Amino acid sequence: MGELRRLASQGIPDGAGIRATVWKLLLGYLPSDRSLWPSELAKKRSQYKQFREELLMNPSEITRRLEKSSLENNEVDGIKGFLSRSEITHGEHPLSLGKSSIWNQFFQESEIMEQIDRDVKRTHPDIHFFSGDSAFAKSNQEDLRSILIVFAKLNPGIRYVQGMNEIIAPLFYVLKNDPNEENAASAEADTFFCFVELLSGFRDNFVQQLDNSVVGIRATITRLSRLLKEHDEELWRHLEMTTKVNPQFYAFRWITLLLTQDFEFPDILLIWDTLLSDHDGPQETLLRICCAMLIIVRKRLLAGDFTSNLKLLQHYPSTNISHLLYVADKLRIHLPA
């Protein structure tokens with residue numbers, strides 16, 4: 001795996017489904033022993049199918065199945081086709097507001113689903129794979145929606161946080177474009193598990209209750225600030241002391257969305273090759289890349305005031321990705337704890 005990480009960090013070729021397979025390996029979704037791949041994939045895909053069947057069913061269907069089960073039981077007892085009112089429990093009634101009510105849970109979850117719907121429709125509107133009226137794009141949107149809903153239901157501590165659609169997009173795009181038809185057909189299931197693996201390294205950034213803790217997003221942004229100060233104190237002082245540009249104004253999006261909103265899509269894939277392959281882990285690598293982004297435009301930042309610097313960092317200019325990753329790699333020494 002060490003050699004694979006080294007090669008992947010230099011950029012993974014686009015063709016032959018290589019990136020799809022390598023990302024699955026780097027994220028720990030595929031075991032390093034190739035002989036185990038078929039059984040592991042079959043197990044995970046079957047598990048996701050079960051999640052989907054259980055979690056994407058609406059209460060009407062649950063109630064219908066309960067009624068059908070009751071009818072079958074009544075037929076055995078010799079009373080054909082009759083469901084007594086007493087057998088419809090309070091929790092199964094649409095007007096029930098109890099916490100355990102499947103309908104109450106459904107209405108609460110419907111707000112999250114509406115947010116997911118809105119965000120999925122806004123995902124990369126300039127790329128036909130994700131957007132447009134084609135059946136292909138709509139099918140891809142539906143897969144993204146299903147992944148996010150299943151994740152939200154299985155992770156009540158996080159549920160859905162706006163922007164997760166942007167993190168799923170590169171994963172799903174790469175796995176769906178695998179030339180292996182079986183793999184492409186199972187991209188939804190594979191993306192779900194890869195997303196879970198990826199998010200495990202950034203989970204605390206999405207838990208609002210941890211925002212001000214030592215592991216929350218504000219602490220992560222502070223680490224970026226310290227990293228910049230250590231490697232370029234002049235730039236750090238100008239940004240944070242002279243022009244008063246709070247790193248949260250630009251770095252919050254960089255970190256929580258893993259840079260998916262700041263570069264062209266092909267460049268995002270190259271950045272993620274490094275992000276996923278670095279032995280220091282994606283969080284540390286992400287901070288180095290963010291710091292490198294600041295250092296690369298230091299001349300413009302040092303010449304700028306609050307307004308121009310904030311605009312520059314919130315609309316990061318086109319840059320040479322190979323050079324960016326090279327600079328980031330040079331910041332590996334003395335990473336703050």
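Keep in mind the model is a prediction, meaning the values are calculated, not measured.
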- CZ of F306: more than 12 outside heavy atoms within 6.0 angstrom? yes

When rounded to the nearest 0.5 Å, the distance separating CG of L27 from OG of S277 is 10.5 Å

| message | Looking at Y160, I'd like to know if its OH atom is crowded, meaning that more than 12 non-hydrogen atoms belonging to other residues, nucleotides or ligands lie closer than 6.0 Å. | response | yes

Run H323 and V327 through side-chain contact (heavy atoms from CB on, under 4.5 Å) and show every step you take. CA-CA 6 Å; H323 179 61; V327 173; 3.7 Å; yes

Quiz item: Between H279 (side chain) and R6 (backbone), is there a donor-acceptor pair under 3.5 Å?
Solution: no

Next on the checklist: Check the orientation of F172 and F129. Use parallel for under 30°, tilted for 30 to 60°, and perpendicular for over 60°.
Outcome noted: tilted

Testing the 3.5 Å rule here: is there a donor-acceptor pair between the side chains of S308 and D305?
yes

Rounded to the nearest 0.5 angstrom, the CD-CZ distance for E197 and F192 is 10.5 Å

The reported gap from CG in L154 to CD1 in I149 (rounded to nearest 0.5 angstrom) is 12.0 Å

Practice problem: Determine, step by step, whether I321 and T319 satisfy the side-chain contact (heavy atoms from CB on, under 4.5 Å) criterion, reporting the C-alpha distance in whole Å, the side-chain angles of both residues, the deciding distance to 0.1 Å, and the verdict. | Solution: CA-CA 6 Å; I321 299 301; T319 191; 4.2 Å; yes

Take a 6.0 Å sphere around CD of E3 and say whether it holds more than 12 heavy atoms from other residues, nucleotides or ligands. yes

Within the side chain of T243, is there an N or O that forms a donor-acceptor pair under 3.5 Å with the backbone of L239? yes

Between L257 and Q261 the two heavy atoms that sit nearest each other are CD1-CG, 3.5 Å

*Can F193 be reached from L36 by stepping across I, L, V, M, F, W or Y side chains whose heavy atoms are under 4.5 Å apart?*
no

Okay, side chain of S131, backbone of I127: is any donor-acceptor separation there less than 3.5 Å?
-> no

Q: Look at D329 together with R288 and state whether they make a salt bridge at an N to O cut-off of under 4.0 Å.
A: no

Taken to the nearest 0.5 Å, the spacing of S322 OG from Q10 CD works out to 10.5 Å

Q. Hey, is the main chain of F130 close enough, under 3.5 Å, to the side chain of Q141 for a donor-acceptor pair?
A. yes

Does W254 reach the side chain of L294, with side-chain heavy atoms less than 4.5 Å apart?
yes

inquiry  = I want to check something: taking the side chain as every heavy atom from C-beta on, are W37 and L25 in contact at a cut-off of under 4.5 Å?
reply    = yes

Fill in: Side-chain (Q314) to main-chain (F249) donor-acceptor, under 3.5 angstrom
yes

(message) Between L259 and C290, is there a side-chain heavy-atom distance shorter than 4.5 Å?
(response) yes

Notebook entry, point to check: So if you build clusters from Ile, Leu, Val, Met, Phe, Trp, Tyr with side-chain heavy-atom gaps below 4.5 Å, do L275 and L7 land together?
Noted result: no

For L270 and G11 the tightest heavy-atom approach is CD2-CA, 4.4 Å

Quick note, side-chain hydrogen bond (donor to acceptor under 3.5 Å, both in side chains) partners involving residues 23-33, not counting sequence neighbours, are W23-D273, K24-D190, Y29-D190, D33-S35

query: Under 3.5 Å, side chain of R19 to main-chain N/O of I12, donor-acceptor pair present?
result: yes

Decide, yes or no, whether a salt bridge links E166 with R122 under the criterion of side-chain N to carboxylate O below 4.0 Å. no

Exercise. So, are R52 and E188 salt-bridged, with charged N and O less than 4.0 Å apart?
Worked result: yes

### Task
Following the transitive rule for hydrophobic clusters with a side-chain heavy-atom cut-off under 4.5 Å over Ile, Leu, Val, Met, Phe, Trp and Tyr, establish whether L56 and F51 coincide in one cluster.
yes

Using a 4.5 Å cut-off on heavy atoms from C-beta on, say whether the side chain of Y316 contacts that of I296. yes

Heavy-atom distance under 4.5 Å between the side chains of V196 and S200, does that happen here? no

- request: In sequence, state the C-alpha distance, the side-chain angles, and the governing distance for K43 and E40, and then conclude on side-chain contact (heavy atoms from CB on, under 4.5 Å).
  value: CA-CA 5 Å; K43 183 177 77 174; E40 189 66 21; 3.7 Å; yes

For G163 and D119 the tightest heavy-atom approach is N-OD2, 4.1 Å

ask   = Going by heavy atoms in the side chains, are L199 and F151 under 4.5 Å from each other?
value = yes

**Asked** Does any N or O in the side chain of S186 come within less than 3.5 Å of the main-chain N or O of A189, such that one atom is a donor and the other an acceptor?
**Response** no

With sequence neighbours left out, the residues meeting salt bridge (Lys or Arg N to Asp or Glu O under 4.0 Å) with E234 are R298

Close side-chain approach of L41 to E182, heavy-atom, < 4.5 Å: no

S139 side chain to A135 backbone, donor-acceptor under 3.5 Å:
no

For C194 and L171 the tightest heavy-atom approach is C-CD1, 4.1 Å

Fill in: Side-chain heavy-atom pair V150, F195 within 4.5 angstrom cut-off
no

Residues A251 and L224: closest non-hydrogen pair is CB-CD2, 3.6 Å

Heavy-atom nearest pair, A16 first then P179, reads C-CG, 3.6 Å

For R145 and K121, run side-chain contact (heavy atoms from CB on, under 4.5 Å): C-alpha distance rounded to whole Å, both residues' side-chain angles, the deciding distance at 0.1 Å, then the answer. CA-CA 9 Å; R145 178 180 179 276; K121 287 173 184 174; over 6 Å; no

*Under 3.5 Å donor-acceptor, N180 side chain and N183 backbone*: yes

CD1 (I167) and OG1 (T123) are apart, to the nearest 0.5 Å, by 11.5 Å

In this structure, CZ of F263 is separated from CG of L269 (nearest 0.5 Å) by 13.0 Å

### Task
Could you tell me whether the side chain of S9 and the main chain of T274 form a donor-acceptor pair under 3.5 Å?
no

Query raised in the report: When you look at CD of E264, are more than 12 heavy atoms from neighbouring residues, nucleotides or ligands closer to it than 6.0 Å?
Result: no

